[in-house]
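First up is the structure itself, then whatever we jot down about it.
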Amino acid sequence: MSFSSSSRPSAAGARGKAPVSGSTRLPSGRERRPALAALAVILILLGAAGSALIAVRSGHRQDFVAIDAEALAPGHKLVSKDLARGDLAGATGKLVLWADADKVLGKYTTSWVYKGQFLTEANVTTKPIPEGGALVGVALESGRAPSDDISQGDIVRVIRVPSANAEGAPQVLVGAALVTDSTGTVADSKTGANTTLNVTVLVPMENSTAVAAAAAGKNLVLVKLSPATKPSIAQTDGDG
């Protein structure tokens with residue numbers, strides 16, 4: 001009897017050679033190297049960009065004059081120990097640069113200043129507030145001051161007027177006050193639009209509260225007087 005052999009593989013063999021639909025083989029070390037190198041380059045670039053940004057921002061910082069004393073009253077004569085150096089970045093307005101610190105030494109404070117506060121040009125003056133006097137800031141709109149400019153050195157009469165629909169007569173608060181600073185105008189000369197005039201006046205101490213209250217209530221009017229008028233309180237040069 002003859003036997004014929006079959007070429008069909010056994011069931012076990014067939015199972016061992018079955019095709020695999022997806023590979024689960026982990027990538028080799030050689031395949032991972034390009035990805036790691038790319039990640040390293042990205043991290044280096046990000047670090048460099050961050051360092052450059054910090055350097056750019058640091059480059060825009062400047063040193064300015066700040067107050068080192070706990071508090072200085074109006075009329076205080078500034079000396080070296082009153083000042084400290086502080087740095088800032090961005091918009092700095094009219095702050096006094098540290099390089100110009102000598103320009104404020106020997107000048108007088110125009111208001112209270114406190115430790116850590118940066119000085120502006122408006123914080124100092126060559127003339128102190130005289131004894132018995134006070135500086136009061138006033139914001140005026142059209143109709144509250146002459147359309148002609150009110151400037152530093154002018155003499156004005158300070159009058160409180162009644163509010164709208166209120167009874168009462170106008171009251172003179174200061175007969176002749178010295179204008180120590182002035183910015184803005186009550187009307188735009190080109191367009192005629194109302195704007196704001198900011199004026200600082202030197203008044204007797206006993207009248208300062210009434211003037212400040214009237215200014216806050218927008219009940220204040222300034223009348224410009226002759227430059228020959230003697231002010232109710234005069235400003236001194238600080239030397240007696």
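For the single chain, residues carry numbers from 1 onward in sequence order.
If you chain together hydrophobic residues whose side chains sit under 4.5 Å apart, Val211 and Leu222 fall into the same group. Hydrophobic clustering, with ILVMFWY side chains joined whenever heavy atoms are under 4.5 angstrom apart, keeps Val174 apart from Ile233. The hydrophobic clustering, which links ILVMFWY residues whose side-chain heavy atoms are closer than 4.5 Å, places Leu173 and Val136 together. Val221 is not connected to Val138 by any chain of hydrophobic side-chain contacts under 4.5 Å among Ile, Leu, Val, Met, Phe, Trp and Tyr, and they are in different clusters. In this structure, Leu119 is a member of the same hydrophobic cluster as Trp98, with clusters built from ILVMFWY side-chain heavy atoms closer than 4.5 Å.
When side chains are defined from C-beta on, Phe64 counts as touching Phe118, because their heavy atoms get closer than 4.5 Å. Taking 4.5 Å as the limit, some side-chain heavy atom of Leu135 sits within range of a side-chain heavy atom of Thr110. Side chains of Val158 and Val172 form no contact here, defined as non-hydrogen atoms less than 4.5 Å apart. Within the 4.5 Å cutoff, no side-chain heavy atoms of Val223 are placed close to those of Val156. Looking only at side-chain heavy atoms (C-beta outward), Leu105 and Leu83 come within less than 4.5 Å of each other. Side chains of Val179 and Ser151 form no contact here, defined as non-hydrogen atoms less than 4.5 Å apart. The shortest side-chain heavy-atom distance between Leu88 and Leu95 falls under the 4.5 Å cut-off. A heavy-atom distance below 4.5 Å is found between the side chains of Gln117 and Asn123.
Heavy atoms from other residues, nucleotides or ligands lying under 6.0 Å from CD of Glu206 number more than 12. The number of heavy atoms from other shown groups lying within 6.0 Å of NZ (Lys115) is above 12.
Among all heavy-atom pairs drawn from Ala234 and Leu202, the shortest one is C-CD2, 4.0 Å. Contact detail for Leu178 and Ile155: the closest heavy-atom pair is CD1-CD1, 3.8 Å.
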After noting the C-alpha distance and the side-chain angles of Thr125 and Thr180, does the key distance pass the side-chain contact (heavy atoms from CB on, under 4.5 Å) rule?
CA-CA 9 Å; Thr125 180; Thr180 63; over 6 Å; no

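Every salt bridge (Lys or Arg N to Asp or Glu O under 4.0 Å) that Asp154 has, sequence neighbours left out, goes to Lys224.
Think of Tyr114 as one node in a network of Ile, Leu, Val, Met, Phe, Trp and Tyr side chains linked at under 4.5 Å; its network also takes in Trp112.
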